[in-house]
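A quick write-up on the structure given underneath.
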Amino acid sequence: MKPGLELPPLERRIALPDMIAYAGATWDWHRLHYDPVYLAPRGLDLPVVDGQVFGALLAEQVQDWIGAAGVLRTLKFRFKQLVYAGETVRCVGTVTAVDGGLVTIEHQVLAGDRVAVAPASSTVELR
Amino acid sequence: MMTDEIRALIGREVTYTAPEPLGRAAIRYFALAVGDHNPVYTDDAAARAAGHDGVIAPPTLICETNQYAGLPADADGYAGHTWGIELPGTRQVRGGNAYEFHRAVRPDDVVTATWRLRDIAERTTGAGQPMLVFTSRATYTNQDGDLLATNEETIIYLGVTP
C-alpha cells in the first residue's frame, strides 16, 4: 500500500428506474429527479441524478477495494456538473497518502468526459 | 446579499428523531437502489464473518436518507431537512458533503439527527456572480447516545441576474 496506487474503478449506469428506486430508498421525492412537468420550465431535458448517490458509490468503491482490511472513516465530495438520467458514471480513485494506519484516497466521479464530482477524498483506517 | 436577518440565522439548531428503528428493509432497499451487492447489508452470516453483530447499513445511508425527519413533502416534493429560507432572486445548488463515520449503523438503531447552521458566507463566483454559502452540520446519534456519523453540507444560493 503506497501513494500512487489506483483503486479499481466503479462504473454504473443510472437509468430513470434506478433514480426512482433511490428516491424511494432515501425518502427524497424531489421532482428534479423524475418529473418532466417540473423539468421543462427549468430548461432541463432530462431528470437530474440526485448527487447524494455519488457518495454511496464512492463508499462502495472504497469498501469493495479494502474489504475486511480497513474501515471507511471519512468521505467528502463537491459537485461540479449535473448528471442526467441514463448516463454511466465512473468513480476513480488513487491513494495519495499512507500515514501509519490511515490511507487517504483522492477521487473523481466522471460522466463521459465531464467531471461530475471533484474534488473528493476518503480516508480508510487499516485494521 | 447578506443581511442582518440572514446573519442572525447562524447557530440555529433543529433535532429530528426517527419514529422507529432504521430497519432491515430500509437497509436492503437502499443497497438495492444504489446497486451495492455487498452481502454485509443483507446477510447476517456474511456480516458476522466481517466482524459485525449482524447486518449493517451502507455507511452513507443515514447521511442520505430523510427517513428520520418525518416532514411533509414541500412543493418540489422534497421531504428532508431545510432551514426554510426563501431568498428571492437566487437559485439553490448543492455544494458538497463531508461525512465522518464513527460506527457501523445497525437495523435496530433509532436515529436522531441534529442539524446546526454553522456559517453563512458571502462570496463571488469566478464569473462575478454573488452567492451565499450555507454550511450546516448534522450529527447522527442513536437511542443510547452513541455517535454514528456526522455530515457537513454546503448549500449555495446563487444570485440570478434579473
Side-chain angles (χ1 to χ4, degrees), chain A residues 10-15 17-35 37-38 42 48 50-64 67-69 71-82 89 117-125 127, chain B residues 18 25-38 40-41 46 49-52 56-81 91-104 149-156:
Chain A
L10 184 154
E11 250 187 34
R12 189 146 304 152
R13 180 166 183 264
I14 305 176
D18 305 312
M19 294 162 62
I20 301 284
Y22 182 79
T26 56
W27 299 57
D28 179 353
W29 315 299
H30 200 295
R31 296 164 66 197
L32 186 63
H33 308 311
Y34 55 84
D35 186 357
V37 174
Y38 184 87
R42 289 167 174 79
V48 176
D50 187 341
Q52 303 273 277
V53 76
F54 304 132
L57 295 181
L58 290 171
E60 179 182 340
Q61 182 194 20
V62 171
Q63 297 197 123
D64 283 355
V71 181
L72 180 65
R73 283 297 174 210
T74 70
L75 174 63
K76 60 182 175 184
F77 48 94
R78 296 183 65 85
F79 301 111
K80 275 186 98 77
Q81 294 191 71
L82 298 177
V89 295
V117 174
S121 64
S122 62
T123 55
V124 167
E125 189 182 331
R127 287 203 239 241
Chain B
I27 291 172
R28 185 163 66 90
Y29 187 8
F30 181 89
L32 187 66
V34 167
D36 188 337
H37 303 297
N38 192 328
V40 297
Y41 306 138
H52 304 286
I56 58 166
T60 65
L61 192 167
I62 57 167
C63 302
E64 296 176 35
T65 186
N66 298 317
Q67 180 179 351
Y68 60 78
L71 293 169
D74 64 18
D76 293 339
Y78 187 69
H81 163 76
R91 189 167 59 86
Q92 189 184 319
V93 292
R94 279 188 175 281
N97 292 80
Y99 305 145
E100 292 174 359
F101 308 111
H102 290 267
R103 81 132 163 85
T150 63
N151 171 14
E152 190 160 288
E153 181 170 88
T154 311
I155 303 278
I156 299 163

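Computed from heavy atoms alone, side chains included, the values below leave out hydrogens, waters and symmetry copies. Naming convention: chains lettered A, B, ... in sequence-line order (proteins, then strands); numbering from 1 in each chain.
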Original post:
Between G77(B), A98(B), A50(B), G80(B), which residue shows the highest count of heavy-atom pairs closer than 4.5 Å to chain A?
Top reply: G77(B)
Original post:
In terms of the angle between their ring planes, are F30(B) and Y22(A) parallel, tilted or perpendicular, with boundaries placed at 30° and 60°?
Top reply: tilted
**OP:** Name the member of R73(A), K76(A), Q63(A) that forms the most heavy-atom pairs with chain B at distances under 4.5 Å.
**Re:** R73(A)
Original post:
How far apart are the closest heavy atoms of W27(A) and N66(B), and which atoms are they?
Top reply: O-ND2, 2.9 Å
**OP:** Heavy atoms only: give me the nearest E60(A)-G35(B) pair and the separation to one decimal.
**Re:** OE2-O, 3.7 Å
**OP:** Any chance you could measure Y99(B), atom OH, to L75(A), atom CG, to the nearest 0.5 Å?
**Re:** 7.0 Å
Original post:
With sequence neighbours excluded, what pairs up with L71(B) under the side-chain contact (heavy atoms from CB on, under 4.5 Å) test?
Top reply: Y16(B), A69(B)
Subject >> Top contributor to chain A contacts, counting heavy-atom pairs under 4.5 Å, from P58(B), G95(B), G96(B), A26(B) >> reply: G95(B)
Subject >> Heavy-atom pair count under 4.5 Å with chain B, highest-scoring of H33(A), K80(A), R31(A), M19(A) >> reply: R31(A)
**OP:** Under 4.5 Å heavy-atom distance to chain A, tell me which part of A25(B) shows up: side chain, backbone, both or neither.
**Re:** neither
**OP:** Nearest 0.5 Å please: distance from the CG atom of L32(A) over to the CG atom of D76(B).
**Re:** 8.5 Å
Subject >> Contact class of Y38(A) relative to chain B, heavy atoms under 4.5 angstrom >> reply: side chain
**OP:** Answer with side chain, backbone, both or neither: which region of R12(A) has an atom nearer than 4.5 Å to a non-hydrogen atom of chain B?
**Re:** side chain
**OP:** Please confirm whether the backbone N or O of N97(B) pairs with a side-chain atom of R78(A), one donor and one acceptor, at under 3.5 Å?
**Re:** no
Original post:
Just by modelled atom types, is the A56(A) backbone N or O under 3.5 Å from a matching donor or acceptor in the E64(B) side chain?
Top reply: yes
Original post:
More than 12 foreign heavy atoms under 6.0 Å from CZ of R91(B): is that the case here?
Top reply: no
Original post:
Which of the residues G51(B), P59(B), A79(B) is involved in the greatest number of heavy-atom pairs with chain A at under 4.5 angstrom?
Top reply: P59(B)
**OP:** Working to the nearest 0.5 Å, report the span between CZ of R94(B) and CG of L82(A).
**Re:** 12.0 Å
Subject >> chain A contact via Y41(B) - which portion, at a heavy-atom distance below 4.5 Å >> reply: side chain
Subject >> Inter- and intrachain pairs under side-chain hydrogen bond (donor to acceptor under 3.5 Å, both in side chains), touching residues 28-37 of chain B, at least two apart >> reply: none
**OP:** For residues A33(B) and A25(A), report the shortest heavy-atom separation together with the two atoms involved.
**Re:** CB-CB, 3.9 Å
Original post:
Is chain A contacted by the side chain of T60(B), its backbone, both, or neither, given a heavy-atom distance below 4.5 Å?
Top reply: side chain
Original post:
Looking at A23(A), A59(A), G55(A), which one has more heavy-atom pairs under 4.5 Å with chain B than the rest?
Top reply: G55(A)
